[in-house]
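Below: the structure, in structure tokens.
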There are 2 protein chains.
Amino acid sequence: MKNLIASVKIAITSQLYLKDPESSELGLKIVHKGIDLINSIGFEEFTFRKLGLEIKSPEASIYRYFENKHNFLLYLNAWYWGWMEYRLLIATSNVVSAEKRLEKAVFLMTEGVQNDPNFHGIDLVKLQEIVVAEASKTFLNRRVDKANKVGAYQSYKDFVGNVASIIKEINPTYRYPSMLITTVVEGAHQQRFFAEHLPRLTNKQPKPHYLSKFYMDLVLKTIKSN
Amino acid sequence: MKNLIASVKIAITSQLYLKDPESSELGLKIVHKGIDLINSIGFEEFTFRKLGLEIKSPEASIYRYFENKHNFLLYLNAWYWGWMEYRLLIATSNVVSAEKRLEKAVFLMTEGVQNDPNFHGIDLVKLQEIVVAEASKTFLNRRVDKANKVGAYQSYKDFVGNVASIIKEINPTYRYPSMLITTVVEGAHQQRFFAEHLPRLTNKQPKPHYLSKFYMDLVLKTIKSN
DNA sequence: ACAAATATGATAGTAATACTATTACTTTTG
DNA sequence: CAAAAGTAATAGTATTACTATCATATTTGT
């Protein structure tokens, strides 16, 4: 088997899979084509049977990697936030000004992937679209506490923790950094969805980066005065 | 049949049901017990078969009122926002100061139902819990455009429109009122959920109304300066 | 008061989903 | 080169998300 592991590997708790999908060709195919399929038909319509037809492998083979489609979505979500942590690290290292680092973080949280659209063979544009449209389903259900216990949301928490410490640098007395960050992350996702489907619930602007500007303005005003 | 319609009726597009559930005893039972059941087992686990067992009526009878459980959730959501509009109207009428009206609106959007817990026989505390935990599923799916066309989100849009016009009164040049409001509404829902299940993603405080204070502060700072 | 319309109950049936199980074949590896 | 591990092929099950049919009960208009 050729080496499938590149220099940077996104670490994901082994509790989310039965067998590491990055350890075999079939596993990688499941992830890559799974992203394509969820992106094209949506998570509700997505089944392992359909994915099996796509990759020309039986449904049962996919079940050897993931217990069910919910865990597959948890896996993709964890991978996404692991990758976001990595991007945050790169974007902020060697930047002295905390405010500049915060700006980079907000940009990452609110804007779509642009360059670097492929990493470890994963289509990052599609993966991000999945996270925007489906990620809230990873926690808005009765399995959330169990999933949390096995570390399903660890990389998301770490990301939020990292941005929170930037805010603490800027204003050490500010009491709600995590609340503010998750409001921005989930808010930005919703606004992007609304802009496409329910425009009256948002205020789409023609100018580039209006979303990150809106949220950056909101964050700075909120944490600075008082 | 006795009169089931009280003085104020929440108007809901007839496209969301096959037969108006407020027009019969069975219909009301479906709605009341349906709220109880979704609240207790979650929307994924909820089926019309289970609800049928609860109300001792066959599954098929429920299908005469709602095409499927997704439309049932849309109906509950529409009802909730219709009721919120009504609450907003009551809370803001005869209040001269726009800022005071905005404060009341933010309070409604971010705090849990407290008094008035029963309206038309509907358990509003449970209904609100359902909206917090499940409402995003009403639009985060492939049927959103179809549902939007038949007016499923009308009362939510109206509510947002009403609050937006208060913001416009305070700052007529502010460009993102709807974006700001939906960020607050969806954000507050998420924070309440996080406080219970993923505490590291929020900053829960022991003091009362910390959520509405956080969001009121955020809104005022955002719309005022500049 | 009574026929017609309407609402509900009882029951059955179907296609698809979300899995589990078994056995056979094919690679990889020590 | 044999044992172990991975994959394919196939079949089977319980549940879900409906649809259909027919009998019975209730309401309604005249």
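So you know, we letter chains A, B, ... as the sequences are listed, proteins then strands, and number each from 1. Please read these numbers as outputs of a predicted model, since none were measured by experiment.
The aromatic ring centres of A:Phe72 and A:Phe66 sit less than 6.0 Å apart.
Protein atom CZ of A:Phe43 is 14 Å distant from nucleotide atom P of C:dT17, rounded to whole Å. Following rounding to the nearest Å, B:Leu53 (CG) and C:dG9 (P) show an atom-to-atom distance of 13 Å. Residue B:Ile62 contributes atom CD1, which lies 12 Å from atom C1' of C:dG9 at whole-angstrom precision. When the C1' atom of C:dT6 is taken as reference, atom CG of B:Leu18 falls 15 Å away, rounded to whole Å.
Side-chain N/O atoms of B:Glu129 and B:Asn39 include a donor and acceptor closer than 3.5 Å.
More than 12 non-hydrogen atoms from other residues, nucleotides or ligands lie less than 6.0 angstrom from NZ of A:Lys213.
Taking the side chain to side chain contact (heavy atoms under 4.5 Å, CB included) definition, one finds that B:Arg142 meets it with A:Glu134, sequence neighbours left out.
Using the six-membered ring where Trp is involved, B:Tyr210 and A:Tyr176 have ring planes that are parallel, under 30° apart on the 30 and 60° scheme. Using a 30° and 60° split on the angle between ring planes, B:Phe48 and B:Phe46 fall in the perpendicular class, above 60°.
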- Heavy-atom contacts, protein to nucleotides 4-17 of chain D, under 4.0 Å, summarised as B (base), S (sugar-phosphate only) or - (none) per nt, yield --SBBBB-----SB
